[in-house]
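See below for the structure under consideration.
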Protein chains: 2
Amino acid sequence: MQSNRYKAMDKRAFKDQAYTEISRITKALSGPARLEIIDFIANGPKSVEEIARQTALNIANASQHLQVLRKERLVKTTRKGNFVYYSLASEEVYYVWKSLRDLTLNTSPIVSQLLTETRNAYEIPEPVVWEDVKGRNDVFLLDVRPKDEFEKGSMANAVSLPLDELTDKLDIIPRDKMVLTYCRGMFCFYADEAVQLLQSKGYNARRLEEGVLDVKETDK
Amino acid sequence: MQSNRYKAMDKRAFKDQAYTEISRITKALSGPARLEIIDFIANGPKSVEEIARQTALNIANASQHLQVLRKERLVKTTRKGNFVYYSLASEEVYYVWKSLRDLTLNTSPIVSQLLTETRNAYEIPEPVVWEDVKGRNDVFLLDVRPKDEFEKGSMANAVSLPLDELTDKLDIIPRDKMVLTYCRGMFCFYADEAVQLLQSKGYNARRLEEGVLDVKETDK
DNA sequence: ATTCTATTCTAGTATTCTATTGAATTGTTT
DNA sequence: AAACAATTCAATAGAATACTAGAATAGAAT
């Protein structure tokens, strides 16, 4: 009781600590490398090796970044055989990432500019936004991510055909529908590469701007 | 064309720049002082002086922090007479703040702990969550923030009675209903102070855990 | 038990950023 | 011109950053 009195916080001290705590977590996410890691592992558990390869970091460095995220409990790990798999600790982590990304897209036009520039450089056609096509039934939804990511969760009625199997299994794609590809999200080019391939084979193909995690209509 | 080729970005370069851009914006928000500023001015435009007072910073320092936010276009300013009023540049900024706050509340129990400790120290009763009371019609919703914040936007059916006018105008509060006070949000103690006052006058009063901005049922 | 392999830790470095404040300055109002 | 709010400047001290190489660890496979 008495000791409670002494420890008792005034309101200013509480605020200082509360905002500092939120600040700590914000700083833990705030490096480019860690933002990219979060964007990546949101699609499913990944080993340190995969994360390092995807983000072009060396392994020790990727591990360091993962420790920073783990210290703040933003990611969790599971071990399978020899590998440690990292994934997001909660949905809230993804919401933060998503809101930061959307804020940036609205606030500084640079990212969207760079994105279209990059697409132009590769002669990739403009993406289609989900809002414009979600009602239609003359489209064929194609998930070109690795199988395990598809199985963890996919868009409703989507068919899985990972990018590297695309050439072999073209026959499962109908020629009378518009093929809509999608992948991990706005900053992932798998869907664009798929579109290029499909168009070169005479399909009517476009990519979806959003990824699975940005859209409500999902399975699982 | 040619020059486009040379400037053309490869995918890795795009990613580096995109995540770096998001990182820049994230770092701009990530200090405790700036998080508090955002939380504060979300309720309405505030002068530098008010912001400095609220956050216990000196004026020069508060201004510095505001410049950081302005450089990243997270806040906007209007001038009235001698004063410059700062407010959030867009709703997205608030969403980011909200998602960071909610992530922290879920991820590290410290903040909630400190909050209840502080309330205990002042012998403030436990808050009520909106979800539990929003259907009921035997409650009297009381907005104890300054008038201008109320006018900018309030909860549906709420009555405005700023904290410092409360003692004078007690007669407008019905005695047969439960009085529910609310203010700027979870880290604001105005509503708690109002509850203490009201309870001492024999009212059945509780505070709402959430603030206006966390609840859907609002006017304006 | 040993070997193997993926991951983590340690330590060091160089760099960059941080918040803060008093004083000088700008710009507005009266 | 005087008063006032806000901004900028300059300087400080301290902390945090990302990264890397090499050693250490911890499980799994043999």
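Since we're looking at a predicted model, the values are computed, not measured. Letters go in sequence order (proteins before strands), and every chain restarts at 1.
Atom CZ of A:F83 is separated from atom C1' of C:dT8 by 15 Å (rounded to the nearest Å). Put simply, OH on A:Y85 is 11 Å from P on C:dA6, counting in whole angstrom units. If you measure from atom CZ of B:R34 to atom C1' of C:dC17, you get 11 Å, rounded to the nearest angstrom. Summarising the geometry, the separation between CG on B:L66 and P on C:dA19 is reported as 13 Å, rounded to the nearest angstrom. Rounding to whole angstrom units, CG of residue B:N82 and P of C:dT30 are separated by 8 Å. The CG atom of B:L69 sits 15 Å away from the C1' atom of C:dT18 (whole-angstrom rounding). When rounded to the nearest whole Å, the span between CD of A:Q67 and C1' of D:dC19 equals 15 Å. To the nearest angstrom, C1' of C:dC17 lies 14 Å from CZ of B:R24.
When every heavy atom of A:S99 is checked against every heavy atom of B:V96, the shortest pair comes out as O-CG2, 3.4 Å. B:A42 and B:K152 get closest at one heavy-atom pair: O-NZ, 3.5 Å.
Each of B:G31 and A:R79 was assigned the nucleotide of DNA chain C with the nearest heavy atom; the assignment lying further toward the 5' end belongs to A:R79. Closest-nucleotide positions on DNA chain D for A:K27 and A:K80 were compared, and the one nearer the 5' end corresponds to A:K27.
When distances run from any side-chain atom of B:V84 to the nucleotides D:dT7, C:dA6, C:dT18, the shortest one goes to D:dT7. Of all nucleotides listed (D:dT8, D:dT20, C:dT28), D:dT20 comes nearest to the side chain of A:Q64.
Using a 3.5 Å distance cut-off with no hydrogens or angles, the side chains of A:S108 and B:E21 do pair a donor with an acceptor. In the model, B:T20 has no side-chain atom that pairs as donor or acceptor with a side-chain atom of B:Q17 under 3.5 Å.
A sub-4.0 Å separation between OP1 or OP2 of C:dT18 and a side-chain N or O of B:H65 is absent. A close approach under 4.0 Å does not occur between any side-chain nitrogen or oxygen of A:Y86 and OP1 or OP2 of C:dA6.
Both the sub-6.0 Å distance and the 45° axial angle are not jointly satisfied by B:K76 relative to the ring of B:Y85.
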Dot-bracket encoding per residue of DNA chain D, Watson-Crick/G-U cut-off under 3.5 Å, | denoting interstrand: ||||||||||||||||||||||||||||||
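Note: B:I22 CD1 to A:F187 CZ = 4.0 Å, rounded to the nearest 0.5 Å. The CD1 atom of A:I41 sits 9.0 Å away from the OH atom of A:Y86 when rounded to the nearest 0.5 Å.
In this structure, the ring of B:Y182 has its center no less than 6.0 angstrom from the ring center of B:Y190.
Heavy-atom distances under 4.0 Å link DNA chain D to B:I59, B:A60 of residues 50-61 of chain B, given in residue order.
Between B:D143 and B:R145 there is a salt bridge, since at least one side-chain N of the basic residue sits less than 4.0 Å from a carboxylate O of the acidic one.
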